[in-house]
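Encoded as structure tokens, the structure appears first; notes follow it.
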Amino acid sequence: MAFIEFKNIGKKYAGAEKKSVDDFNLEINEKEFIAFVGPSGCGKSTTLRMIAGFEEITEGELYIDGKKVNEVAPRDRGIAMVFQNYALYPHMTVEKNIGYGLKNMKMPADQIKKKVDWAIDILGLQEYRNRKPKNLSGGQRQRVALGRAIVKNQKVFLMDEPLSNLDAKLRVSMRTEISKLHRELGATTIYVTHDQVEAMTMADRIVIMKDGVIQQVGKPMELYDHPVNKFVAGFIGSPQMNFFDVTVTGNNITFADGSTFALSESVVKKLAGKEGDMILGIRGEDLKMDAANLELYKESRQKAIITDTEVMGNENNLYFQFGGCQAVARVSKYEISQVGDEIEFVFIPSKMHFFDKDTEMNYICLLYTSPSPRD
Ligand code: ADP
Ligand code: MG
């Protein structure tokens, strides 16, 4: 049995019309770092709070370490939780804040000191141990909140958007710190975020949700390269994947503005006879403008005029109108183009995704959802 197991978990809040979480099935291995990601309101916090025991599970069964916990009190579930709005005690120093929960648990003072010293050390808070929260930066305060959770030495760590209140630069450095902490402690971690970059950079596996329903579970690159539907394709990756309304007839693809080219044999084979109106998805980095690719994939060569550029430093995003839509190509910093320039580009055949117009499912990858952990 997996370390944490969700069996058909559902949640309907009293008085609500529809379920906030529906038929949630997932197995989590011991020591895994799992991210729940999805837009605001998709049910991430509700799911996390059901694991913690703060919210009643209205359907299904939840197992932690082989034991059904639906009716187990929060304090007996072996979990520690860090929230977005962690409240530190303003009148207490860093070390008192970190040790407070242990004192409450009636742990002897010498043991508390040992634990607090260990947490302060691991979180790099040595210089600040006697400061009060108001004299700490946002990142330091967040580390104290983490310290409070890790001293409890629990089997499962739950974090609900713990970095949302920090500025962008700090978020990046705290991401690395939390990953490092996870490697050192090895606690099974579930991390909730609406930020796909956090999920991509930190998690062993990502659970992507929409409207209370799991859309896909997989390693970051599985979701990036093999999204099961248009929602996952659009949610993961920045800038967003390009989507075009197209019609496929035989090996011919036609865009809404009449642009057309012949699909390569490999793509036609993957489409396995699917024809008609569909949505083509392709990431910005898979629209190529360099000489080698222009030659290699010349059958798909197209022209457009750049309408906007985003200079990122290491690379550039070039925006243009194509196929009746706004599109973006991500190119290296050496491929210099300006607004008004005409560009030529090609489509990398193996990176083209085709989504059903009605169901938005990916024709080429319908088999990627895996609720079980994989190596
Ligand atoms: P997320 O954390 O992904 O933003 P939530 O789990 O907070 O989403 O919310 C999921 C859905 O459940 C939303 O539609 C929200 O309005 C609803 N919801 C959350 N908490 C409650 C509650 N206490 N009572 C009723 N509805 C709630
Ligand atoms: Mg939430």
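Order of appearance sets the numbers: ligands from 1, and atoms from 1 within every ligand.
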inquiry  = Which option wins on minimum heavy-atom distance to atom 3 (O) of ligand 1: Lys44, Met209, Glu55?
reply    = Lys44
query = Should we say atom NZ of Lys96 is surrounded by more than 12 heavy atoms from elsewhere, each under 6.0 Å from it?
reply =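 At most 12 heavy atoms, drawn from other residues, nucleotides or ligands, come within 6.0 Å of this atom.
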query = Hey, is NZ on Lys31 packed in by over 12 heavy atoms from elsewhere, all under 6.0 Å?
reply =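 No, not enclosed.
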key: Check: Phe157 ring centroid to Tyr191 ring centroid under 6.0 Å   = no
inquiry  = Can you confirm if the aromatic rings of Phe36 and Phe24 lie within a centre distance of less than 6.0 Å?
reply    =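 Judged by ring-centre distance (under 6.0 Å), Phe24 and Phe36 do meet the cut-off.
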key: Heavy atom of protein inside 4.0 Å of atom 21 (C) of ligand 1, strictly below   =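 For atom 21 (C) of ligand 1 the answer is yes, since some protein heavy atom falls inside 4.0 Å.
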key: Sub-4.0 Å heavy-atom contact, Gly38 with ligand 1   =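 No; Gly38 lies far enough from ligand 1 that no heavy-atom distance drops under 4.0 Å.
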ask   = Does Ala16 have a non-hydrogen atom less than 4.0 Å from ligand 1?
value = no
Return the closest protein heavy atom for [atom] as residue, atom name and distance.
{"atom": "atom 23 (N) of ligand 1", "answer": "Tyr13 CE2, 3.5 Å"}
{"atom": "atom 15 (C) of ligand 1", "answer": "Ser20 OG, 4.8 Å"}
{"atom": "atom 1 (P) of ligand 1", "answer": "Gly41 N, 3.4 Å"}

Please identify which atoms of ligand 1 are closer than 4.0 Å to at least one heavy atom of [X].
{"X": "Ser45", "answer": "1 (P), 2 (O), 6 (O), 7 (O)"}
{"X": "Thr46", "answer": "5 (P), 6 (O), 9 (O), 10 (C)"}
{"X": "Gly43", "answer": "1 (P), 3 (O), 6 (O), 8 (O), 10 (C)"}

message = Would Asp160 and Ser45 count as a side-chain hydrogen bond (donor to acceptor under 3.5 Å, both in side chains) here? Give the steps.
response = CA-CA 7 Å; Asp160 194 348; Ser45 296; 2.7 Å; yes
query = Are Glu59 and Lys12 within salt-bridge range, i.e. N to O under 4.0 Å?
reply =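 Result for this pair is no, no salt bridge flagged.
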request  = Would you mind checking if Glu61 and Lys7 are paired as a salt bridge, meaning a charged N to carboxylate O distance below 4.0 Å?
outcome  = no
inquiry  = With respect to the Mg ion (ligand 2), please indicate if Ser40 possesses an N, O or S atom at a distance under 2.8 Å.
reply    = no
ask   = Does NZ or CZ of Lys274 lie under 6.0 Å from the centre of the six-membered ring of Tyr363, at an angle within 45° of the ring axis?
value = yes
